[in-house]
**Q** 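To start, I am sharing the structure in question, which I have written as structure tokens.
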Amino acid sequence: MDSSDEDEQQQRRIPISQRSEWSDVTPVPQNDGPNPVVPISYTEEFAETMDYFRAVYLADERSPRALLLTAEAIGFNPGNYTVWQFRRLILEALNADLHKELDFVDRIASDNSKNYQIWHHRRWVAEKLGSEAIIGELEFTKKIFSNDAKNYHAWSHRQWVLQALGGWENELAYCHKLLEEDIFNNSAWNQRYFVITRSPLLGGLEAMRKSEVSYAVEAITAKPENESPWRYLRGLYKDDPKSLINDPQISSICLKILNDKCNHRFALSMLLDLVSHGFQPSQDLKNAVDAHISESDPPDSDFAKTVCSVLERVDPMRVNYWNWRKSTSGYDSGV
Amino acid sequence: MPFKYFHIKRKNKHHLSLSPPVPFAYRWISGSSMADSSDLISGSSMEEGFERERHVFYLQMMYQLLPSQYQGQEINRLTLAYFAISGLDILGSLHSVDKEEVVKWVLSLQAHPKNDAELNKGQFYGFHGSRSSQFQLTDNRVWIPNGSHLAATYCAVCILKTLGYNLSLMDSESILKSMKNLQQPDGSFMPIHTGAETDLRFVFCAAALCFMLENWSGMDREKAKEYILNCQSYDGGFGLIPGAESHGGATYCAVASLRLMGFIEDDLVFKSVSSCIINVPLLLEWALQRQAEDGGFQGRSNKSSDTCYAFWVGGVLRILGAHKFIDEEALRIFLLTCQSQYGGFSKYPGQLPDLYHSYYGISAFSLLKEPGLNPISVLLGITDIAAAIGL
């Protein structure tokens, strides 16, 4: 904000010292002490608002005007947790309408969607309202996602709502909708995993595994260069590598991608992963990998080492890593 | 120093404009990522290396005065001070800091219990991030809790160590005894006792504090370990809370905390996996995949590269012993596109710098062993020299 914008704001805003409803209050200035370091160039309206906040805070005035003042202070300084804390005390003291409080957060959320204090406050309000807040909270986070489908705070809040209050019914479908909009949305993939492992309405990871493997395979087929479904696929067998290497869907998607001859670095690393857990590649797979060998690759009868050689070439950013994997391919990578 | 001219004299109610007499300087130190200022940023030349002098100048400017864009972060002024001071230390320019005055200021932000009994009443007695959470109280205003904050406390101790202050001179007992009041049943930490979000960031702050104060009585390490393990995601990275998406910053907090607490060793990638409490191979591959095509590090899969993850994720790889697997040249090239011609680093290429990304950009260059930079203690977030100063 340059100085002309600040002037405009100053013209619109009436200083608190000129508002009759505050005439009985003496603002309390901040005591910085001598030679503070990293001093901040506070704007006048910021400084004044905080001076009046200090006054009501020290007087412990839990009144409607104090509530309005905290909103003003939050407008300037949404990270100030002391102001938020006092606002909560005032809301309780006034037995305020918490639905209106959710509206308040709605209004300031779009400019502050990455502010921890706002999300904590939202959670505090929702917790007090309990299950009647479910629909509103799911809608609220949806609105945030329409602007930024990966907002980390919003996803944490949504996960909290589901676990603490409920509302799982349409969550898997919602994940699917987001993935249709952007199949690269790793947050949506993560949420999908969250749902299949924790939803009380579904059967748990093992029960969901088969259909989820198909889901991931379909996403991989559409965009094999997309890391997310590959990680998701691997994650479906998190603590069960034996089932991983025995699932024909996995080896067959690797084969398919390798035969398509492009965007295959994740197929190769998945294959390496499988082999490290004792997977025996079929002749088709060996041929598919061999087809990617260039003249510069050293010949090797060891399948894992061959895969590493190809990876060194197709994923040059991580050439040192693949080289190391090659030399330790007898290594129990446990991936 | 010219910038003393801009120091605020609120009593006289001067209009706080930074426009004269150096308008361009105001714009470049404003710290906001406004694309419309591109006329001022001709873009760093690709032939440029790490411009140490420029960064020293930038940090010194921030140390002298932060523009009003930073007022929204003023509750965390200690953190901003930490970025400036530790940054100057990495750059070997700590001489420009008035050590005595800074130590005095930092210590003045400490919360002190009236007596020992208060330490068990649920409040945390650490450091305030700034005066705005610190209230001068007379005895009869007991309802006002002290507003000290765990992250501010970590930053305070980092600054004190950086300035060579003898930590045994300060009251660390109150910090350690009352820190337990912040630990939750699931092992995580809340940063303030009046209520806030709990996540891995504060587990790291607690672990780093106990490590620097050489006293683990401030936390239940086993419980903290359990919480961290619950944060490891299906793809090997760590989320900020259990169930959350793998994230570079969260992963740093997880791995650094485990190492500080002694639950994992150095150079894990070269050690036997069966005994390790975290899935190292999965973590390693996740972390390495965070280096994107542009050479920078992303915080999460399929997101844009951002300067600070060169430290967060680069740091994880360093702790694991896997830093040789990074394409260092590609990373340097990316980071240099985020280097501002006015000093400091921005989040994304070609934008205006801010203090946070500047500090982590400089830290990343230290990890890359840039000549002329002091080595950084990757576990603590201060220079090795500072870390070595004992109690």
Side-chain angles (χ1 to χ4, degrees), chain A residues 1-3 6 29-44 46-47 50 54 57-58 60 76-82 85 116 119-120 124 150 152 155-156 159 184-187 190 193-194 198 226-228 231-232 234-235 238 269 317-318 320-321 324 332-335, chain B residues 6-8 10 13 15-19 62-63 65-68 70-77 80-81 84 101-102 105 108 131-133 135-136 141 143-144 147 192 194-197 233-235 240-241 243-245 247 273 279 281-282 285 288-289 291 300-303 324-325 327 330:
Chain A
M1 179 156 64
D2 64 29
S3 51
E6 282 175 30
Q30 176 165 295
N31 172 21
D32 251 352
N35 298 319
V37 295
V38 291
I40 298 178
S41 171
Y42 300 115
T43 57
E44 252 188 74
F46 178 98
M50 291 313 296
R54 260 181 288 275
Y57 188 62
L58 287 166
D60 198 19
F76 284 112
N77 200 355
N80 188 319
Y81 49 83
T82 307
Q85 177 58 24
Y116 285 96
W119 287 101
H120 174 72
W124 179 86
K150 303 181 185 183
Y152 204 84
W155 280 114
S156 294
Q159 288 189 349
F184 291 87
N185 185 340
N186 197 63
S187 306
N190 182 75
Y193 197 86
F194 178 82
R198 297 177 194 233
N226 183 359
E227 189 190 357
S228 298
R231 298 267 166 250
Y232 185 79
R234 181 65 189 81
K238 196 160 86 100
S269 59
M317 186 80 75
R318 280 156 281 273
N320 294 340
Y321 172 64
W324 173 72
D332 172 22
S333 73
V335 184
Chain B
F6 299 126
H7 188 75
I8 309 325
R10 288 204 332 264
K13 294 199 195 283
H15 183 61
L16 302 170
S17 167
L18 292 179
S19 39
M62 296 293 103
Y63 171 83
L65 180 67
L66 290 165
S68 59
Y70 284 88
Q71 70 189 8
Q73 296 173 59
E74 71 99 43
I75 194 98
N76 296 319
R77 254 172 75 190
L80 299 171
E101 285 306 315
V102 177
W105 177 70
S108 76
R131 297 274 175 254
S132 55
S133 61
F135 295 84
Q136 313 298 331
R141 280 191 280 219
W143 66 83
I144 294 178
I192 51 177
T194 47
E197 68 282 13
S233 170
Y234 61 85
D235 60 9
L240 218 44
I241 58 173
E245 189 185 357
H247 182 282
V273 283
N279 188 328
L282 205 57
E285 194 138 325
L288 287 172
Q289 289 297 344
Q291 187 165 23
R300 297 181 260 165
S301 188
N302 292 331
K303 290 208 78 178
K324 288 281 184 284
F325 300 150
D327 185 335

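Since we're looking at a predicted model, the values are computed, not measured. Order of the sequence lines sets the chain letters (A, B, ...), proteins ahead of strands, with each chain counted from 1.
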**Q** Atom OH in A/Tyr193, atom OG in B/Ser233: separation rounded to 0.5 Å?
**A**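 Interatomic distance, A/Tyr193 OH to B/Ser233 OG, rounded to 0.5 Å: 7.5 Å.
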**Q** List the steps, then state whether side-chain hydrogen bond (donor to acceptor under 3.5 Å, both in side chains) holds for A/Tyr152 with B/Glu245.
**A** CA-CA 8 Å; A/Tyr152 204 84; B/Glu245 189 185 357; over 6 Å; no
**Q** Need one label for B/Ala330: side chain, backbone, both or neither, based on atoms under 4.5 Å from any heavy atom in chain A.
**A**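 Just its side chain gets close to chain A.
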**Q** Using non-hydrogen atoms only, which part of A/Tyr81 is less than 4.5 Å away from chain B: side chain, backbone, both, or neither?
**A**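 Both parts, heavy atoms under 4.5 Å.
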**Q** Main chain of B/Ile75, side chain of A/Asn80: is a donor-acceptor contact present, judged purely on distance under 3.5 Å?
**A**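 Between the backbone of B/Ile75 and the side chain of A/Asn80 there is no qualifying donor-acceptor contact (under 3.5 Å).
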**Q** If the condition is side-chain hydrogen bond (donor to acceptor under 3.5 Å, both in side chains), which residues does A/Arg231 pass it with, not counting sequence neighbours?
**A**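 With sequence neighbours excluded, A/Arg231 shows a side-chain hydrogen bond (donor to acceptor under 3.5 Å, both in side chains) to A/Glu227, given in chain and number order.
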**Q** Tell me, side chain or backbone of B/Leu240 under 4.5 Å from chain A's heavy atoms, or both, or neither?
**A**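 Both backbone and side chain.
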**Q** Looking at OG of A/Ser187 and NZ of B/Lys303, how far apart are the two atoms once the value is rounded to the nearest 0.5 Å?
**A**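 NZ of B/Lys303 is found 6.5 Å from OG of A/Ser187.
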**Q** Distance check, rounded to the nearest 0.5 Å: B/Ile192 atom CD1 versus A/His120 atom NE2?
**A**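 Answer rounded to 0.5 Å: 7.0 Å.
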**Q** Looking at A/Asn186 and B/Asn302, would you say the former's side chain and the latter's main chain have a donor-acceptor pair under 3.5 Å?
**A**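 No; judged by distance alone, with no hydrogens or angles, the pair does not exist.
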**Q** Decide side-chain contact (heavy atoms from CB on, under 4.5 Å) for A/Asn190 and B/Tyr234; before the verdict, give the C-alpha distance in whole Å, the side-chain angles of both, and the deciding distance to 0.1 Å.
**A** CA-CA 9 Å; A/Asn190 182 75; B/Tyr234 61 85; 3.6 Å; yes
**Q** I'd like to know whether A/Ile40 forms a side-chain contact (heavy atoms from CB on, under 4.5 Å) with B/Arg77, so could you lay out the CA-CA distance, the side-chain angles of the two residues, the decisive distance to 0.1 Å, and finally the verdict.
**A** CA-CA 9 Å; A/Ile40 298 178; B/Arg77 254 172 75 190; 3.7 Å; yes
**Q** Chain A: which of B/Gly195, B/Ala196, B/Ser133 shares the most heavy-atom pairs with it under 4.5 Å?
**A**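 Looking at each of B/Gly195, B/Ala196, B/Ser133 in turn, B/Ala196 comes out on top.
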**Q** State which residues pass ring-ring contact (aromatic ring centres under 6.0 Å, His included) with B/Phe325; sequence neighbours excluded, sorted by chain then number.
**A**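 Partners of B/Phe325 under the ring-ring contact (aromatic ring centres under 6.0 Å, His included) test: A/Tyr321, A/Trp324.
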**Q** Do any N or O atoms from the side chain of B/Gln71 and from the backbone of A/Asn77 form a donor-acceptor pair under 3.5 angstrom?
**A**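 Flag not set: sc B/Gln71 to bb A/Asn77 has no pair under 3.5 Å.
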**Q** Among B/Gln291, B/His247, B/Gln289, which residue has the highest count of heavy-atom pairs closer than 4.5 Å to chain A?
**A**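 Heavy-atom pairs under 4.5 Å are most numerous for B/Gln289.
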**Q** With only heavy atoms counted, which part of B/Ser108 is less than 4.5 Å from chain A, the side chain, the backbone, both or neither?
**A**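 Contact with chain A involves no heavy atom of B/Ser108 at all.
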**Q** Out of A/Gln159, A/Gln85, A/Arg318, return the one with the most heavy atom pairs under 4.5 angstrom to chain B.
**A**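 Max contact count across the listed options: A/Arg318.
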**Q** Kindly compute the distance separating CG (B/Leu65) from OG (A/Ser41), expressed to the nearest 0.5 Å.
**A**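 Result: 5.5 Å between the selected atoms.
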**Q** Taking every heavy-atom pair that is under 4.5 Å apart, which of B/Ile241, B/Thr194, B/Leu80 has the most such pairs with chain A?
**A**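 Counting heavy-atom pairs under 4.5 Å, the top option is B/Thr194.
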**Q** I would like to know whether B/Phe135 and A/Arg54 meet side-chain contact (heavy atoms from CB on, under 4.5 Å); could you show each step before the answer?
**A** CA-CA 8 Å; B/Phe135 295 84; A/Arg54 260 181 288 275; 3.5 Å; yes
